[in-house]
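Chain identifiers are assigned alphabetically (A, B, ...) following the order of the sequence lines, protein sequences preceding nucleic acid strands; residue numbering begins at 1 within each chain.
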Number of protein chains: 2
Amino acid sequence: MLSSREEIVETIRKSGHRATSQRIVVYEALWKAGSHPNVSEIHKYASKSDPTISLATVYKNLQLFSEIGLVREMGFRDGSMRYDPDVDFHINLVCNKCGRIEDFDCISLEEIAPNLIQKVGFEVQSHNFEVRGICSRCRS
Amino acid sequence: MLSSREEIVETIRKSGHRATSQRIVVYEALWKAGSHPNVSEIHKYASKSDPTISLATVYKNLQLFSEIGLVREMGFRDGSMRYDPDVDFHINLVCNKCGRIEDFDCISLEEIAPNLIQKVGFEVQSHNFEVRGICSRCRS
DNA sequence: TCATTATCAATAATCATTATTATTTAAGTT
DNA sequence: AACTTAAATAATAATGATTATTGATAATGA
């Protein structure tokens, strides 16, 4: 997580984009909105800081953040996209009953599939590792 | 892959559902439609066997197949759902440029995250392991 | 056969996302 | 500090995938 406003501004600038107030608001909302939020949840939180921020702006900036590696997109069963600000490799345990998503740390992608670039010529940019089932709460 | 019509019929019946001619057509179309097709591609192929089959029927039956483990759903960036009839654990290498999806066999989920059920009480039902980047064709 | 119930086709409705357009603004330049 | 201009924004219309609805049809069990 980029903690200070200056860090966020710098990261966005470095990527060749403008550090607008809306972008900072969206990035902060991403963390406030809880675990793996979807766009409307992020928009809800962003609206608290900037009541006039448009939904389209939230969409666009989440896309930008995804491109510059600040967030990870997770395509979802219900047709909505969710966003995970933790871009490190891990498993998302998704409960099929309650929909809750739990992070689970595991061995690295390099250990699971070593040398993808040399073996099959595939250059890794991002990853999304979902395991679906029933969580502990729903089982008990 | 369930190769014979009898095998398909039996699998659907065992799950407590009717083995209608439309279901068999959809299941067969799933394989004919090539690698990781989306719903409209599957519908296109199903229509060749049954010209009156409805898009909604294809949707419903793919959902059913997913529930009974005959197919794996893959939520996608473009908002459409894709279907992978290979339900064994593997990595889907998705190219961000051309959209092509390549399968990559790797070590098992049990080796990556042993005893999920004992460790965190999570009961695994299905999985979707996506690694995105640039494929060999697009890099050269 | 008849009754029951799942499934079906057709299409309308929904909802997430993207495109459009006129306006505003960040950030470099003078 | 004012000027310039491409980039970003707000508001909203358009798109497109998916789901809901409804009346018809067909499988299954009594």
Would you mind reading off the distance between B:Met74 atom CE and D:dA17 atom P, rounded to a whole angstrom? 17 Å
Taking the side chain as every heavy atom from C-beta outward, state whether B:Phe104 and A:Val120 have any atom pair closer than 4.5 Å. yes
Could you tell me whether the side chain of A:Glu130 reaches within less than 4.5 Å of the side chain of A:Arg132, counting heavy atoms only? yes
note: B:Lys44, atom NZ; D:dA17, atom P; distance rounded to Å ~ 13 Å
So A:Lys60, base contact, sugar-phosphate only, or nothing? Heavy-atom distance under 4.0 Å. base
Sugar-phosphate, base or nothing in reach of A:Ala19, heavy atoms under 4.0 Å: sugar-phosphate
Just how far, in rounded Å, is C1' of D:dA27 from CD of B:Gln22? 12 Å
Quick one: closest heavy-atom pair of B:Cys106 and B:Phe89, and the distance? SG-CE2, 3.7 Å
In whole angstrom, what separates A:Leu64's CG from D:dA7's P? 13 Å
Contact class for A:Thr52 vs. all strands (heavy atom < 4.0 Å): base, sugar-phosphate, or nothing? sugar-phosphate
On a heavy-atom basis, the closest approach of A:Asp84 and A:Asn92 is OD2-ND2, 3.6 Å
Assert: residue with more 5' nearest nucleotide on DNA chain D, out of B:Ala56 and B:Arg13, is B:Ala56
For B:Asn61, which contact category applies under a 4.0 Å heavy-atom criterion: base, sugar-phosphate, or nothing? sugar-phosphate
Gap between atoms CZ and C1', on A:Arg23 and C:dA27 respectively (whole Å): 13 Å
Between B:Cys95 and B:Cys135, what is the shortest heavy-atom contact and its length? SG-N, 3.5 Å
Gap between atoms OH and C1', on B:Tyr59 and C:dC15 respectively (whole Å): 13 Å
Could you state the CE-C1' distance from B:Met81 to C:dT17, rounded to the nearest angstrom? 15 Å
5' priority, DNA chain C, between B:Arg18 and B:Ile53 [closest heavy atom]: B:Arg18
Counting only side-chain nitrogens and oxygens, does B:Thr20 get under 4.0 Å of the OP1 or OP2 atom of C:dC8? yes
Base-pairing mate for D:dG23 - Watson-Crick or G-U, with both contacts under 3.5 Å: C:dC8
What is the separation between atom NE2 on A:His17 and atom C1' on C:dA26, rounded to the nearest whole Å? 14 Å
